[in-house]
Amino acid sequence: MHIYDSVQKTKLPFEPIKNGEVSIYVCGPTVYDDAHLGHARSSLAFDLLKRTLTALNYKVTMAKNFTDIDDKIIKKVEETGKSMEEITSFYIDRYLEEMSSLGVQRADIEPKATESLQAIENMIQKLIDTDFAYVISTGDVYFDTSKDSNYGNISHRVAEDDDSQSRVVHTNEKRNPKDFALWKTCKGDEDICYDTSFSKGRPGWHIECSAMIEKHFEGSDTYSIDIHGGGADLLFPHHENEAAQSRCATGHELSKYWMHNGFVQIDGEKMSKSLGNSFFLGDALKIYDGEVLRYYLNSVHYRNDFNFSEEELQTAKKRLDKLYRLKKRVSSGKGSTVNKNFKKSLLDAMSDDLNISKALSVIDEMVATTNDAFDADPKNKALKKETIANIEFIETLLGFGGKEPFSYFQIGVDESLKAQIETLIIQRSEAKKEKNFERSDTIRNEITALGISIMDTPDGTLWEKA
RNA sequence: GGAGCCAUCGCCAAGUUGGUAAGGCCGUAGAUUGCAAAUCUGCUAUUCACCAGUUCGAGUCUGGUUGGCUCCUCCA
């Protein structure tokens with residue numbers, strides 16, 4: 001396995017801290033609103049990572065957090081009058097449900113900030129005790145970036161003169177412009193207020209990830225975890241700050257490898273809530289099948305930006321359709337063993353920093369070769385069984401191709417339409433038997449008008465939703 | 001203003017250590033079909049934004065130009 005490390009900016013051979021085991025922490029969403037396609041892509045990218053490492057026989061433990069304490073959540077509480085817990089649990093459930101429609105496997109650990117307060121307090125206290133952090137008059141706790149000589153190593157940002165991290169909250173008690181809040185004192189009578197030895201308040205954004213990682217992973221003398229992931233926008237300041245806190249609190253580096261996924265763009269611009277160009281996952285799932293969305297969003301390498309277009313999504317679907325037509329051709333039954341070369345090619349591709357384009361081309365090639373072989377020898381049982389196994393392997397590794405093929409092509413077709421189609425097909429078959437091709441073509445036009453395409457095979461007429 | 005990423009066929013998109021351009025969509029010519037659809041086969045970038053350099057040899061390395069995006073503020 002080779003992984004592109006976004007801190008060293010090179011592809012590196014992956015060598016886990018512990019032989020045969022991999023620990024991964026991915027920054028999850030702040031749960032105050034619906035997930036958009038960008039969240040989906042991030043989830044999908046790291047789902048691919050987990051599946052690939054698992055297929056490579058690593059024992060993978062992946063954690064993905066939910067930030068459930070945050071200014072935007074508090075704002076939502078004030079706006080709606082609902083409790084914080086009501087809001088966060090609503091969006092967490094929704095998030096998990098939508099990700100599951102995309103075939104994203106659940107993380108092994110799903111920590112929440114509200115359930116990690118002790119760990120957070122411990123870490124902050126430790127930083128205060130060792131003088132890496134300081135409490136100001138209001139009770140806010142800041143991390144002293146000047147005490148960490150390695151500060152800047154993650155994002156490679158040189159120290160700037162400007163007050164880059166305090167444009168929102170200005171305080172003249174900060175020792176350095178880049179110092180950031182570990183703990184924020186509660187101002188008024190907010191209900192989100194936790195008591196600690198330094199003050200009543202709530203954690204800053206960056207500390208929760210560091211604390212959770214220490215809480216849930218054992219780590220080693222040199223690193224807490226193997227891989228830390230998230231969106232490219234988290235590189236600075238979030239991951240820089242996380243790395244600094246953890247380094248100073250634990251005495252070693254936070255993560256051995258750092259992976260960042262590119263953005264989903266709409267018309268060449270980053271999709272973000274602040275720009276108001278979000279395409280929400282829930283809305284997308286109403287229009288498109290989750291599996292097709294998955295295939296599409298995963299079809300571009302995770303580090304590249306992804307420009308969303310409906311046209312490209314349809315192209316992606318056509319490609320997926322071909323796999324399902326082959327699956328239809330081998331029908332159901334027990335698979336034998338995966339073709340060795342095919343398996344190796346797929347794993348080789350994915351082992352190269354998740355080269356999905358290569359992997360998909362390997363699949364396309366397998367589909368074409370297999371169809372070719374079936375054209376020559378339609379009753380090749382051994383090939384049938386091998387193909388079933390091959391497709392099962394695709395499903396395990398890449399998370400698509402697992403549906404029953406006939407139902408895949410009938411998504412969105414209700415029972416009454418189905419009955420109508422089948423009646424028309426029978427009528428057309430009768431017309432064909434009588435060689436009344438004029439009539440059979442008329443019926444086919446009727447079927448086409450229903451949004452259905454048909455194909456005559458030796459086993460009868462099959463149909464698909466166009 | 002500071003920092004970084006990207007630029008490959010009409011469209012999408014691969015391209016480890018530089019060695020002579022994957023794959024998909026579209027288009028097109030065929031096989032097959034009553035005709036289609038599906039499937040298969042052939043064809044479809046002497047060329048990798050532009051300029052200069054290093055080299056026997058560069059899409060791949062170096063410098064510059066142009067264009068696009070991102071981060072520096074919450075953000076996947």
Side-chain angles (χ1 to χ4, degrees), chain A residues 2 6 9-11 13 26-30 32-33 35-46 67 70-72 75 155-158 160-162 164-169 178 205 229-238 260-265 268-275 278 296 299-301 303-307 309 311-322 325-326 328-329 349 352-353 355-365 367-376 432 435-438 440-441 444-445 448 453-457 461-464 466:
Chain A
H2 284 251
S6 37
K9 298 188 182 187
T10 23
K11 217 183 267 186
V26 182
C27 286
T30 301
Y32 70 101
D33 201 356
H36 60 215
L37 259 26
H39 297 99
R41 175 133 121 113
S42 182
S43 278
L44 250 11
F46 290 102
T67 298
D70 179 85
D71 287 355
K72 290 183 292 295
K75 198 177 159 208
S155 61
H156 308 292
R157 241 163 248 270
V158 283
E160 292 159 43
D161 295 331
D162 69 326
S164 66
Q165 297 214 29
S166 61
R167 289 188 192 171
V168 179
V169 186
K178 280 187 169 301
W205 176 36
D233 48 355
L234 298 180
L235 194 55
F236 187 86
H238 188 234
H260 292 91
N261 65 273
F263 300 125
V264 173
Q265 305 188 322
E269 261 194 334
K270 175 186 174 183
M271 180 186 294
S272 75
K273 286 169 188 173
S274 46
L275 284 173
S278 294
Y296 176 53
S299 66
V300 174
H301 187 85
R303 268 189 285 126
N304 290 161
D305 283 340
F306 185 104
N307 200 228
S309 98
E311 204 183 316
E312 289 303 321
L313 186 143
Q314 295 305 339
T315 299
K317 182 182 179 300
K318 281 182 192 168
R319 232 175 147 177
L320 218 208
D321 285 352
K322 285 180 131 181
R325 287 204 189 95
L326 176 63
K328 200 149 72 169
R329 208 167 174 181
D352 181 17
D353 192 38
N355 190 337
I356 189 73
S357 298
K358 189 83 183 294
L360 295 182
S361 77
V362 168
I363 292 173
D364 287 336
E365 222 167 282
V367 171
T369 312
T370 310
N371 271 320
D372 199 13
F374 278 131
D375 282 354
K432 273 178 61 177
K435 300 224 184 282
N436 186 347
F437 296 122
E438 208 172 303
S440 74
D441 287 349
R444 181 166 59 201
N445 288 339
T448 308
S453 49
I454 56 171
M455 40 212 74
D456 294 330
T457 75
T461 300
L462 304 178
W463 62 272
E464 293 177 1

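In the text below, chain A, chain B and the rest are named by the order of the sequence lines, each starting its count at 1. Values below: all heavy atoms of this structure, side chains included; hydrogens, waters and symmetry mates excluded.
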Reading 5' to 3' through nucleotides 7-19 of chain B, protein heavy-atom contacts under 4.0 Å coded B for base, S for sugar-phosphate only, - for none: ----SSSSS----
Minimum-distance nucleotide (side-chain atoms of A:Thr315 versus B:G24, B:G4, B:A76): B:G24
Find every protein N or O atom lying less than 3.5 Å from an N or O atom of nucleotides 58-62 of chain B, and list the pairs.
none

Any residue meeting ring pair (Phe, Tyr, Trp, His ring centres under 6.0 Å) with A:Phe46, in chain and number order, not counting sequence neighbours: none
For B:A37, the Watson-Crick or wobble partner whose two distances fall under 3.5 Å: none
Paired nucleotide for B:U70 [Watson-Crick or G-U wobble; both distances under 3.5 Å]: B:A3
Partner nucleotide of B:U28 by Watson-Crick or wobble geometry (both distances under 3.5 Å): B:G42
Qualifying residues under side chain to side chain contact (heavy atoms under 4.5 Å, CB included), relative to A:Gln314, sequence neighbours excluded: A:Tyr288, A:Glu310, A:Lys317
Pairing partner (Watson-Crick or G-U wobble, both distances under 3.5 angstrom) of B:A52: B:U62
Whole-Å C1' distance, B:G53 and B:G18: 15 Å
B:U28 to B:C71 separation - P atoms, rounded to the nearest Å: 42 Å
Interatomic distance at P, B:U44 relative to B:C5, whole Å: 37 Å
Side-chain (A:Thr315) to main-chain (A:Glu311) donor-acceptor, under 3.5 angstrom: yes
B:A13 pairs with, by Watson-Crick or G-U criteria that keep both distances under 3.5 Å: none
Partners passing ring pair (Phe, Tyr, Trp, His ring centres under 6.0 Å) against A:His39 (at least two apart in sequence or in another chain): A:His36
Whole-Å distance separating the NZ atom of A:Lys273 from the P atom of B:A76: 6 Å
Contact under 4.0 Å: A:Lys317 side-chain N or O vs B:C25 OP1/OP2: no
Partners passing side chain to side chain donor-acceptor pair (under 3.5 Å) against A:Lys72 (at least two apart in sequence or in another chain): A:Asp70
Span that lies between the C1' atom of B:A14 and that of B:C6, in whole angstrom: 15 Å
Euclidean distance for C1', B:C43 against B:G4 (whole angstrom): 42 Å
Pairwise C1' distance, B:G59 and B:A45 [rounded to whole Å]: 12 Å
Polar side-chain atom of A:Tyr32 near backbone of A:Asp71 as donor-acceptor pair, under 3.5 Å: no
For B:G18, the Watson-Crick or wobble partner whose two distances fall under 3.5 Å: none
Partners passing side chain to side chain donor-acceptor pair (under 3.5 Å) against A:Ser272 (at least two apart in sequence or in another chain): A:Ser274
Qualifying residues under side chain to side chain donor-acceptor pair (under 3.5 Å), relative to A:Arg329, sequence neighbours excluded: A:Asn371, A:Asp375
Distance between C1' atoms of B:A21 and B:A58 (Å, rounded): 12 Å
Inter-nucleotide C1' distance (B:G42, B:U54), Å rounded: 41 Å
Sequence-distant partners of A:Lys328, side chain to side chain donor-acceptor pair (under 3.5 Å), two or more places apart: A:Glu464
Nucleotides 28-41 of chain B: protein proximity per nucleotide (B base, S sugar-phosphate only, - neither; heavy atom, under 4.0 Å): ------BBBBSSS-
Cationic N near anionic O, under 4.0 Å, A:Arg444 to A:Asp441: yes
Side chain to side chain contact (heavy atoms under 4.5 Å, CB included) against A:His238, all qualifying residues, sequence neighbours excluded: A:Cys27, A:Trp205, A:His206, A:Cys209, A:Leu234, A:Glu242
d(NZ, A:Lys270; P, B:C69) in whole Å: 14 Å
Which residues share a salt bridge (Lys or Arg N to Asp or Glu O under 4.0 Å) with A:Asp456, sequence neighbours left out: A:Arg428, A:Lys432
Side-chain donor or acceptor of A:Asp305 paired with backbone N/O of A:Gly262 under 3.5 Å: no
